[in-house]
Amino acid sequence: MKISYQWLNQMVDLHGIDPQKLADQVSVTGIEVASVIAPDAGLKKIVIGHILSTKPHPDSDHLTLCQVDLGDSEPVQIVCGAPNVAEDQYVIVALPGSRIAGNVKIKRGKMRGEASEGMICALQEIGFSESVVPKEFANGIYVFPQPEPVGAAVFPYLGMDDRLIDFDITPNRADTLGMHGAAYEVGAMLHEKPRFPEVNLHATGLPTERLIDVQVTEPELVPQYLMKVVSNVTIKPSPLWLQIRLWNNGIRPINNVVDVTNFVLLEYGQPLHAFDYDKIASKKILVRQAHQNEPFTTLDEQEWQLRPTDLVITDGQKPLALAGVMGGLDSEITPSTTNVLLESAVFNGTAIRKTAQWTNLHSEASTRFEKGINQDDVAHALDRAVQLLCDLAEGTASEGVAVGNQVLPAEPQVLLDPARVNHVLGTEISAAAMRAILTDLQFDYQDQGAKILVTIPRRRWDISIEADLIEEIARLYGYDKLPSTLPTGVQTRGAYNQRQQLIRTAKRNLLAQGLDEVISYSLLTAPQATAFAAQAPEPIKLAWPMTQDHAYLRENLVSGLILDLQYNLAHKQNDVQIFEQGNVFIPQDAERQPREVPMIAALWSGAATDASWLQKERPVDFYDAKGVVENLLAVLGVAEQVHYETETDLTDLHPGRTARIMLGTEKLGFVGEVHPSWQHEMGLPATYVMQLDLSVILAAELPALVAQPAAKYPAVDRDLALILDQHVTNAAVVTLIQANAGKYLHNVQIFDVFAGDKIGHHKRSLAYRLHFQDPNATLTDEEINRAMTKVTTALVEQLQAQVR
Amino acid sequence: MSLKDKLEELKASGLVDIQKADDQRQLNEIRVKLLGKKGPLTEVLRGMKDLSAEERPQVGEFANKIKSELTEAIDTQLQTLDQKSLQRRLAHESVDVTLPGRQNKVGTPHILNQVIDDLEDLFIGLGYEVIDGPEVETDHYNFEMMNIPKDHPARDMQDTFYITDELLMRTHTSPNQARSLEQHDFSKGPLKMISPGRVFRRDNDDATHSHQFNQIEGLVIDHHVTMADLKGTLEVVARHVFGAERELRLRPSYFPFTEPSIEVDISCFACGGKGCSVCKHTGWIEVLGAGMVHPNVLRSAGVDPVEFGGFAFGLGPDRFAMLKYGVNDIREFYQNDLRFLHQFQREVK
């Protein structure tokens with residue numbers, strides 16, 4: 001709500017504080033201020049003019065020549081194109097050299113040969129929003145309702161010299177959604193007691209209960225429902241001072257009856273509704289829940305089929321209004337209304353929110369019912385509106401109030417312990433200072449020993465426990481006065497747990513191996529979510545996704561990396577080596593949270609080495625990817641326990657260029673090329689990916705690390721070249737060598753792979769270097785020869801190897 | 001010609017030859033020629049037998065002196081030649097040191113994770129644990145335990161990605177407050193934790209909204225933890241991230257799970273508080289929300305709110321990074337354009 005500085009100043013003495021300063025102070029002690037709006041900002045030399053005479057422009061069928069008195073000795077001629085311009089109007093005149101809305105400069109000029117000494121303005125032309133301009137002036141110039149001082153600057157006469165402090169409230173402070181609430185807040189800050197206009201209602205009409213029978217069937221959803229009748233009203237525009245209050249708050253003035261309900265809404269924060277009394281033939285009001293599919297037309301002419309959760313105001317039969325949300329077309333106030341039935345009520349916030357949400361009818365009224373209203377003012381607001389209608393529409397008030405329900409909530413009593421306040425805040429505020437703050441808040445209290453018993457007024461329904469009061473004390477005492485300390489007490493040890501350490505180590509290693517880290521979205525399409533898995537379970541779906549692109553929870557990280565690759569390719573970034581660490585979501589049964597599994601995945605595409613003056617460009621291949629995986633697993637301490645097998649179950653990957661990575665008997669992940677037909681479909685160059693399940697590594701038992709002295713005796717290397725059938729894998733050969741070379745074999749390294757005509761069809765040559773080491777002695781030729789013989793025999797017998 | 005004169009002449013011509021020599025081989029030849037067994041010096045010495053007993057030692061001494069002078073001259077020349085050949089080799093081997101070197105690629109950590117890691121390091125140093133929690137949360141932990149009952153305006157369907165009535169994508173890292181409160185053994189000392197992680201909101205992605213972003217939750221609960229402790233802690237954070245000169249401003253705010261609740265502003269790091277476009281001419285930048293943990297949150301997690309209390313805060317690494325590095329579009333963090341990511345290669349910032 002935009003709090004008018006001028007209006008507020010009528011309720012609280014603001015001591016002439018600059019509006020911006022006041023706003024800053026309010027921001028720091030209570031309510032965030034979004035901005036301070038000056039309606040006349042950027043405007044100048046705009047004055048009130050009096051049109052003395054008019055005549056048609058000789059060369060135009062729609063322009064009028066006006067002689068306008070601007071308070072100078074002679075009137076000036078102004079050409080005006082508005083259809084509603086007429087003699088004896090008091091109007092807005094932008095003088096030559098003035099600035100109007102949009103920083104437009106007005107110059108003296110000629111229009112079709114006739115001199116024009118300025119411009120007669122519409123409200124929109126001096127910065128009014130289309131939505132607040134009264135309908136009668138929507139397509140023409142604005143005309144003051146009464147004579148105003150000619151030649152005076154126009155701004156004070158239209159409320160444009162006011163300053164509007166835009167309160168950006170949090171949901172708990174809806175008590176400031178009315179001027180009274182705002183005045184209490186600002187008053188507490190300035191140590192001022194707010195004062196409000198007195199309501200002196202002289203009811204001279206019939207008793208209200210004889211005019212209308214009011215019943216509420218759901219008292220718990222409608223704790224208060226009050227009505228009064230104002231008869232013999234004259235419908236006309238409201239006085240300008242009231243219209244100004246409305247349009248400065250974004251509300252369009254309509255007529256005195258509707259305007260009064262809106263004015264009281266702004267004043268008290270209490271939504272009111274006005275019915276045309278004569279259109280309710282039954283003279284009966286029944287508030288109930290709607291029937292399933294009950295038809296109803298709101299005053300914006302939309303037709304609805306209501307739901308049983310909606311509250312409706314009915315005439316005993318059919319709905320007249322959607323309670324707290326919007327009135328009905330049939331009982332709306334019109335220019336011919338003479339008797340007005342006014343409603344002031346409290347509706348259950350949840351019920352109103354549901355209705356406002358499904359109908360998408362969010363109004364000033366529904367917002368306030370949703371967030372809560374001051375239950376103390378329901379009756380006062382009704383009286384205030386009736387009094388204004390008597391004053392401004394010459395109506396007659398009915399006597400007494402027709403009550404459908406009137407149950408006020410209890411006023412909570414909260415025991416405030418000053419020692420507790422200081423314990424929580426870390427301050428040394430005296431009890432006297434706390435009492436002064438409670439006085440500023442206009443709360444009643446009494447001492448109870450060292451404690452203070454505070455009665456919370458109903459207008460502050462956000463306060464119910466001591467912690468709430470501590471906040472009141474703290475904010476009005478001033479957060480800037482809080483000392484700055486650090487928690488004391490028992491020392492604690494900060495550290496990463498094993499899982500966090502593993503993740504950090506893995507990420508650091510991939511960074512060191514040249515991969516860039518990315519963060520992709522966890523929500524994907526169903527095919528993306530389930531790709532790169534064999535028999536992926538149905539992915540978890542959001543009930544109400546925002547877009548189909550982000551509707552399912554990912555079960556793999558690779559799909560996200562491919563999206564990142566595509567984004568980069570589209571931006572001409574072709575050499576992409578990236579990784580991501582994050583969770584995937586494996587569904588369990590529908591009612592339970594999924595298993596969230598920490599994964600790490602990487603992707604390679606484009607050049608492995610860039611072209612430079614030192615080396616040629618080389619595209620990435622399978623062994624780039626696998627090498628990174630091997631390095632990573634070595635750093636994570638599981639390289640010894642890991643082996644690689646051909647993987648053909650993953651249909652999104654190249655069946656001949658993918659390895660399944662096994663940690664013992666557990667599946668740890670995969671490394672391989674994206675399937676060529678997939679690459680083709682998505683327009684990708686050769687792309688390699690890997691993914692590892694870090695939970696498998698976390699579960700693995702790592703042997704304790706015990707250091708061995710570096711060997712002091714010479715090691716011996718022996719080379720072995722073999723010709724084998726091409727289907728015999730390196731792993732098979734190495735396994736056999738390790739099994740037969742004896743205990744001094746330290747490691748086996750393959751240093752050559754060759755296939756070609758020279759060695760025959762379906763054959764390939766593999767060459768190994770065996771590294772022998774006895775930590776306690778120098779190895780003899782004899783020992784090595786024995787080992788080599790055993791190895792070659794096994795290779796020849798079991799793998800039909802031909803030793804070269 | 002006397003023997004002595006012969007020797008003088010031999011020395012003079014020998015020195016000339018040595019000076020003329022320009023490689024090792026020539027010098028060796030000279031050495032053999034002058035000083036070898038068939039050389040002139042040997043010959044002269046051989047003729048000494050014809051000399052008288054008085055002359056012999058004098059000439060002998062003189063001849064030896066000539067011999068050592070020549071030997072020294074050859075050695076000196078040899079060293080000079082070595083130096084020259086070394087200089088030639090060095091000149092030959094020199095490279096253009098301004099050409100770029102052979103580099104191993106080094107990856108760049110994602111800037112959001114750099115911000116998170118930096119804060120984790122800070123808090124670990126202050127004795128905080130790092131707590132992980134599920135990204136798919138239950139309604140119970142995400143809302144109920146955080147004092148946001150059903151029908152509370154703060155849990156509008158608009159903002160939450162529900163999966164079922166009871167399961168949802170967590171909208172904040174706050175449920176880890178409840179989870180760690182339930183698990184913590186207060187007999188072993190205070191609970192001090194941070195909990196970083198992904199959170200999700202039902203938003204359309206645009207320059208300032210992302211349906212996925214990051215939060216870091218913080219929670220300290222003990223017998224006596226004050227709001228002043230919260231202020232001091234947040235000052236440490238703000239000055240660590242945004243510079244030692246930063247001032248803090250606390251403003252009242254509202255979160256269902258804290259009371260009192262505050263919004264925290266820092267004095268603008270771009271203008272120092274004078275007002276500029278970064279702080280929208282206010283001198284202050286809003287950086288995080290915090291407060292004293294609501295008694296209901298403690299009570300529902302089984303912690304006595306009379307005996308224990310403390311503070312909680314929630315900060316956004318995305319927002320921190322956007323502010324600190326002038327990133328104007330949050331989507332840049334999740335599009336992963338390498339040109340964007342590589343800007344943050346420098347880890348000392």
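In what follows, chains carry the letters A, B, and so on, assigned in the order in which the sequence lines appear, proteins first and then strands, with residues in each chain numbered from 1. Here the structure is a predicted model, which is why all the values come from computation and not from measurement.
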With a 4.5 angstrom heavy-atom cut-off, which part of B:Leu341 approaches chain A: side chain, backbone, both or neither? side chain
Are there more than 12 heavy atoms of other residues, nucleotides or ligands under 6.0 Å from atom CG of B:Asp206? yes
Does atom NZ (A:Lys481) have a neighbourhood of more than 12 heavy atoms from anything else shown, all under 6.0 Å? yes
Region of B:Glu247 that comes under 4.5 Å of a non-hydrogen atom in chain A: neither
Against chain A, label B:Pro109 side chain, backbone, both or neither, depending on which of its atoms sit under 4.5 Å from a heavy atom there. both
Below 4.5 Å, heavy atoms only, C-beta onward: do B:Asp205 and A:His550 meet side chain to side chain? yes
For A:Leu553, is it the side chain, the backbone, both or neither that has a heavy atom under 4.5 Å from a heavy atom of chain B? side chain
Within a strict 4.5 Å, meaning less than it, do heavy atoms of the A:Ser522 and B:Arg198 side chains meet? yes
Using heavy-atom distances under 4.5 Å, tell me whether B:His223 contacts chain A through its side chain, its backbone, both, or neither. backbone
Between B:Ser261 and chain A, with a heavy-atom cut-off of 4.5 Å, which part of the residue counts as in contact: side chain, backbone, both or neither? both
Residues 131-138 of chain B: residues contacting chain A (heavy atom under 4.5 Å, by number): B:Ile131, B:Asp132, B:Gly133, B:Pro134, B:Glu135, B:Val136, B:Glu137, B:Thr138
For A:Asp468, is it the side chain, the backbone, both, or neither that has a heavy atom closer than 4.5 Å to a heavy atom of chain B? both
Contact part of A:Gln513 toward chain B, heavy-atom cut-off under 4.5 Å: side chain, backbone, both or neither? backbone
Can you find a heavy atom in the side chain of B:Asp229 that is under 4.5 Å from one in the side chain of A:Leu486? no
Between chain B and each of A:Ala474, A:Gly489, A:Ser612, A:Pro545, count heavy-atom pairs under 4.5 Å; write down the option with the most. A:Pro545
Which answer fits A:Glu596, side chain, backbone, both or neither, if we ask what part of it has an atom under 4.5 Å from a heavy atom of chain B? side chain
Please state whether the side chain, the backbone, both or neither of B:Pro305 comes within less than 4.5 Å of a heavy atom of chain A. backbone
Whatever's closer than 4.5 Å to a heavy atom in chain B on A:Ala608 counts as backbone
Would B:His211 and A:Met546 count as a side-chain contact (heavy atoms from CB on, under 4.5 Å) here? Give the steps. CA-CA 9 Å; B:His211 73 274; A:Met546 212 60 198; 5.9 Å; no
Is any side-chain N of the basic residue among A:Asp610 and B:Arg102 closer than 4.0 Å to the acidic one's carboxylate O? no
Option that, when pairs with chain B are counted at under 4.5 Å, heavy atom only, ranks first among A:Leu511, A:Val490, A:Leu482, A:Thr609: A:Leu511
Using a 3.5 Å distance criterion without hydrogens, assess whether the side chain of A:Glu471 forms a donor-acceptor pair with backbone atoms of B:Pro260. no
Taking all heavy atoms of A:Thr170 and all of B:Ser253, pick out the closest pair and write down the distance. CG2-OG, 4.0 Å
What option among A:Asp462, A:Leu523, A:Ile31 has the most heavy-atom pairs under 4.5 Å with chain B? A:Leu523
Side chain, backbone, both or neither: which part of B:Asn104 has an atom under 4.5 Å from a heavy atom of chain A? neither
Note, A:Tyr521 side chain near B:Tyr334 side chain (heavy atom, < 4.5 Å): yes
Segment of B:Thr164 engaging chain A (4.5 angstrom heavy-atom cut-off): side chain
Among A:Ile540, A:Asn568, A:Leu565, A:Leu542, which residue forms the greatest number of heavy-atom pairs with chain B at distances under 4.5 Å? A:Asn568
Any side-chain heavy atom of B:Thr226 sitting closer than 4.5 Å to one from A:Thr485? yes
Are B:Asn113 and A:Lys507 close enough that some pair of their side-chain heavy atoms sits under 4.5 Å apart? yes
Residue part contacting chain A, namely of B:Phe255, when any heavy atom lies under 4.5 Å: neither
Under a 4.5 Å heavy-atom cut-off, does chain B meet the side chain of A:Arg420, its backbone, both or neither? side chain
So does A:Glu32 pair up with B:Arg249, basic N to acidic O under 4.0 Å? no
By a 4.5 Å heavy-atom criterion (distance strictly below it), what part of B:Asp117 contacts chain A: side chain, backbone, both, or neither? both
Could you tell me which portion of B:His224 (side chain, backbone, both or neither) has an atom closer than 4.5 angstrom to a non-hydrogen atom of chain A? both
Is it the backbone or the side chain of A:Ala512 that comes under 4.5 Å from a heavy atom of chain B, or both, or neither? backbone
If you count the non-hydrogen atoms of other residues, nucleotides and ligands that lie under 6.0 Å from CD in A:Glu428, is the total more than 12? no
Any donor and acceptor pair, going by atom type alone, linking the side chain of A:Arg493 with main-chain N or O of B:Tyr128 inside 3.5 Å? no
Kindly write out the residues that satisfy ring pair (Phe, Tyr, Trp, His ring centres under 6.0 Å) with A:Tyr479, not counting sequence neighbours, or none if the list is empty. none
Under 4.5 Å heavy-atom distance to chain A, tell me which part of B:Met193 shows up: side chain, backbone, both or neither. neither
Proximal component of B:Phe311, with respect to chain A [non-hydrogen, under 4.5 Å]: side chain
Side chain, backbone, both or neither of A:Thr29 within contact of chain B (heavy atoms, under 4.5 Å): backbone
Using non-hydrogen atoms only, which part of B:Ile163 is less than 4.5 Å away from chain A: side chain, backbone, both, or neither? both
Spell out, as yes or no, whether a donor-acceptor pair under 3.5 Å connects the side chain of A:Asp564 to the backbone of B:Asp337. no
Region of A:Ile465 in contact with chain B, defined by heavy-atom distances below 4.5 Å: side chain
Identify which part of A:Arg508 has an atom lying under 4.5 Å from any heavy atom of chain B, answering side chain, backbone, both or neither. neither
Step by step, would you call A:Ile578 with B:Leu338 a side-chain contact (heavy atoms from CB on, under 4.5 Å)? CA-CA 9 Å; A:Ile578 51 178; B:Leu338 294 180; 3.9 Å; yes
Would a 4.5 Å heavy-atom cut-off, applied to side chains only, mark A:Ile470 and B:Glu259 as touching? no
Counting N and O atoms only, with roles assigned by atom type, does the side chain of A:Gln593 sit under 3.5 Å from a partner on the main chain of B:Leu167, one being a donor and the other an acceptor? no
Is there a donor-acceptor pair closer than 3.5 Å between any side-chain N or O of B:Gln212 and the backbone N or O of A:Ser520? yes
Any Lys/Arg nitrogen of B:Lys105 or A:Asp516 sitting under 4.0 Å from an Asp/Glu carboxylate oxygen of the other? no
Do other residues, nucleotides or ligands put more than 12 heavy atoms under 6.0 Å from the CZ atom of B:Arg331? yes
Would you say the side chain of A:Asn497 lies within less than 4.5 Å of the side chain of B:Val130, judging by non-hydrogen atoms? no
Can you find a side-chain donor-acceptor pair between A:Tyr496 and B:Glu120 that sits under 3.5 Å? yes
